[in-house]
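Just so you know, these numbers use all the heavy atoms, side chains as well, and skip hydrogens, waters and symmetry mates.
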Amino acid sequence: MGLISFLKEKFHKKEKDKEVVKYTEGLEKSRKNFSNRLHNLSRRYQSVNQEYFEELEQILIESDIGINLVLRIIDEVLEISKKENIKDPEKINEVLVDRMFIGYAEKGDVVNELSFKEGTPTVVLVVGVNGVGKTTTIAKLAYRYKQKGKRVLLVAGDTFRAGATEQLKVWADRLNIDIVVGKNEQDPASVAYDGVYKGAREGYDLLIVDTAGRLQTKANLMAELSKIKRVIGKEIEGAPQETFLIIDATTGQNGVVQAKAFSEVTNLTGVIVTKMDGTSKGGIILAIRDELGVPVRFIGLGEKMEDLTEFDLDKYLYGLCVEEE
Ligand SMILES: Nc1nc2c(ncn2[C@@H]2O[C@H](COP(=O)(O)OP(=O)(O)OP(=O)(O)O)[C@@H](O)[C@H]2O)c(=O)[nH]1
Ligand SMILES: [Mg+2]
């Protein structure tokens, strides 16, 4: 059984799971761009030929799947179609989705949710350029783990942009979550220190550290992030356990370029892709995974608190590839 049939069987229920609905709603624009075009294409051809594959390639590229992965997937689909003598466009599309799944999954299993160890706070360092949704995502993460019963502390390490601290504080108040703030232009590493000092002594489970999103030279960024990490690690052994890069899905391949730049200066343990609901090019998740090897741990599917969800490959491909009936 191909993946599409499997996903239909798994998710096409009358009473849809709440998480599945988030994916299908949040990925609506992407599905229209990808799935509908795929189906239109297969309706126009009786059997597949060179042109069919060229059009298929175009659809994949325009979904921001990333050129390297697209070429590889197309090669694989071509090879399978020859070997198994598949000419039916619908069948080819099924093979395609199978290969998209494998392209992501073959990079290894990951646990997306944060893990916690008794007595040691889990520290999440959040990085990313301006305006990608860092602060909102931090609030969403804080909300998520508060709901799960964790004691959360926010650390407002973005002392560079006036107003950044204030914005995080508004969220902290709204969510009734504690926060450590620094003074304007205070060294971010020293704010991080204040945060972990408090976090370690007062029994918090989770610390989320915001950082400045300014664009700077690689050397400066590397120095700043490694200083912050060093300070955190001195106070809490093994921390920060996670460094998450936030990427705005609507920036397309630009987001992939940013991701590469960050992964060169610091060791990322995950990517969070925001504003998936605002893009029609939802393939960016596959490109990030392919080009960086870093897993996408959570995705933002809307502006509300609950609209951050754990990344799930099956639900994602279902939302992206399966036409509603
Ligand atoms: N539709 C949608 N909007 C989002 C999502 N995540 C964030 N946003 C919006 O994106 C805008 C920018 O978000 P911020 O959280 O302020 O971004 P930031 O990276 O902290 O920005 P700076 O601190 O200025 O660097 C806000 O209007 C958010 O509501 C999402 O998943 N979906
Ligand atoms: Mg911010």
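Taking 4.5 Å as the limit, every side-chain heavy atom of K91 sits out of range of all side-chain heavy atoms of E84.
Environment of CD in E113: crowded, with over 12 heavy atoms of neighbouring residues, nucleotides or ligands closer than 6.0 Å.
Atom-to-atom distance recorded for Y143:OH and L308:CG is 11.5 Å, nearest 0.5 angstrom. Between K22 atom NZ and E310 atom CD the span is 11.0 Å, to the nearest 0.5 Å. In this structure, the separation between CG on L207 and CZ on R151 is 10.0 Å, given to the nearest 0.5 Å. Interatomic distance, I73 CD1 to L96 CG, rounded to the nearest 0.5 Å: 6.5 Å.
Checked for salt-bridge contact, K134 and D158 miss the test: no charged N lies under 4.0 Å from a carboxylate O. Using a cut-off of 4.0 Å between Lys/Arg side-chain N and Asp/Glu carboxylate O, R201 and E235 are scored as salt-bridged. Looking at E264 and K260, no side-chain N of the basic residue comes within less than 4.0 Å of a carboxylate O on the acidic one, giving no salt bridge.
The salt bridge (Lys or Arg N to Asp or Glu O under 4.0 Å) analysis of residues 173-185, with sequence neighbours excluded, yields the pairs K169-D173. Sequence neighbours left out, the pairs with a member in residues 61-115 that pass ring pair (Phe, Tyr, Trp, His ring centres under 6.0 Å) are Y104-F311.
By the ring pair (Phe, Tyr, Trp, His ring centres under 6.0 Å) test, Y52 pairs with Y45, sequence neighbours left out. Y23 pairs by the ring pair (Phe, Tyr, Trp, His ring centres under 6.0 Å) definition with nothing, not counting sequence neighbours. Applying the side-chain hydrogen bond (donor to acceptor under 3.5 Å, both in side chains) criterion to Q253, with sequence neighbours excluded, gives D64. Legend: residues meeting ring pair (Phe, Tyr, Trp, His ring centres under 6.0 Å) with F116, ordered by chain and number and at least two apart, are Y145. Taking T243 as the reference, K229 meet the side-chain hydrogen bond (donor to acceptor under 3.5 Å, both in side chains) condition, with sequence neighbours excluded. Every residue was checked against the salt bridge (Lys or Arg N to Asp or Glu O under 4.0 Å) condition with K281, not counting sequence neighbours, and none meets it. Here Y197 pairs with Y193 under the ring pair (Phe, Tyr, Trp, His ring centres under 6.0 Å) rule; sequence neighbours left out. Scanning for salt bridge (Lys or Arg N to Asp or Glu O under 4.0 Å) contacts around E62 gives R37, with sequence neighbours left out.
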Go through T120 and E237 one step at a time and tell me if the side chain to side chain contact (heavy atoms under 4.5 Å, CB included) criterion holds.
CA-CA 8 Å; T120 310; E237 209 192 316; 6.0 Å; no
Assess the residue pair L69 and R289 against the criterion (side chain to side chain contact (heavy atoms under 4.5 Å, CB included)); give the C-alpha distance rounded to whole Å, side-chain angles, the decisive distance to 0.1 Å, and a yes or no.
CA-CA 10 Å; L69 182 59; R289 176 72 161 157; over 6 Å; no
For M100 and L286, what are the C-alpha separation, side-chain angles and deciding distance, and is it a side chain to side chain contact (heavy atoms under 4.5 Å, CB included)?
CA-CA 8 Å; M100 285 164 64; L286 300 177; 3.8 Å; yes
Pair L225, V127 - check side chain to side chain contact (heavy atoms under 4.5 Å, CB included), show working.
CA-CA 9 Å; L225 291 178; V127 300; 3.7 Å; yes
Take E25 and K304 through the salt bridge (Lys or Arg N to Asp or Glu O under 4.0 Å) test and state the conclusion after the steps.
CA-CA 13 Å; E25 288 181 359; K304 292 196 301 293; over 6 Å; no
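Here the closest non-hydrogen pair linking I236 and A200 is CG1-CB, 4.0 Å. Residues T211 and L125 approach most closely at CG2-CD1, 3.7 Å, considering heavy atoms.
Note on L71 and L78: same hydrophobic cluster, where clusters join Ile, Leu, Val, Met, Phe, Trp and Tyr whose side-chain heavy atoms are under 4.5 Å apart, directly or indirectly. Following chains of ILVMFWY side-chain contacts shorter than 4.5 Å, one cannot reach V180 starting from F160, and the two form parts of different hydrophobic clusters. Following chains of ILVMFWY side-chain contacts shorter than 4.5 Å, one cannot reach L221 starting from V231, and the two form parts of different hydrophobic clusters.
Think of V257 as one node in a network of Ile, Leu, Val, Met, Phe, Trp and Tyr side chains linked at under 4.5 Å; it has no links at all. Other cluster members for V110: none, since no ILVMFWY side-chain heavy atom sits under 4.5 Å from it.
Between the side chains of Q50 and E54, at least one donor-acceptor pair of N or O atoms lies under 3.5 Å. Side-chain contact, Q241 with T269: no donor N or O sits under 3.5 Å from an acceptor N or O.
For the side-chain contact (heavy atoms from CB on, under 4.5 Å) with F298, the lone residue among L141, T309, T274 that qualifies is L141.
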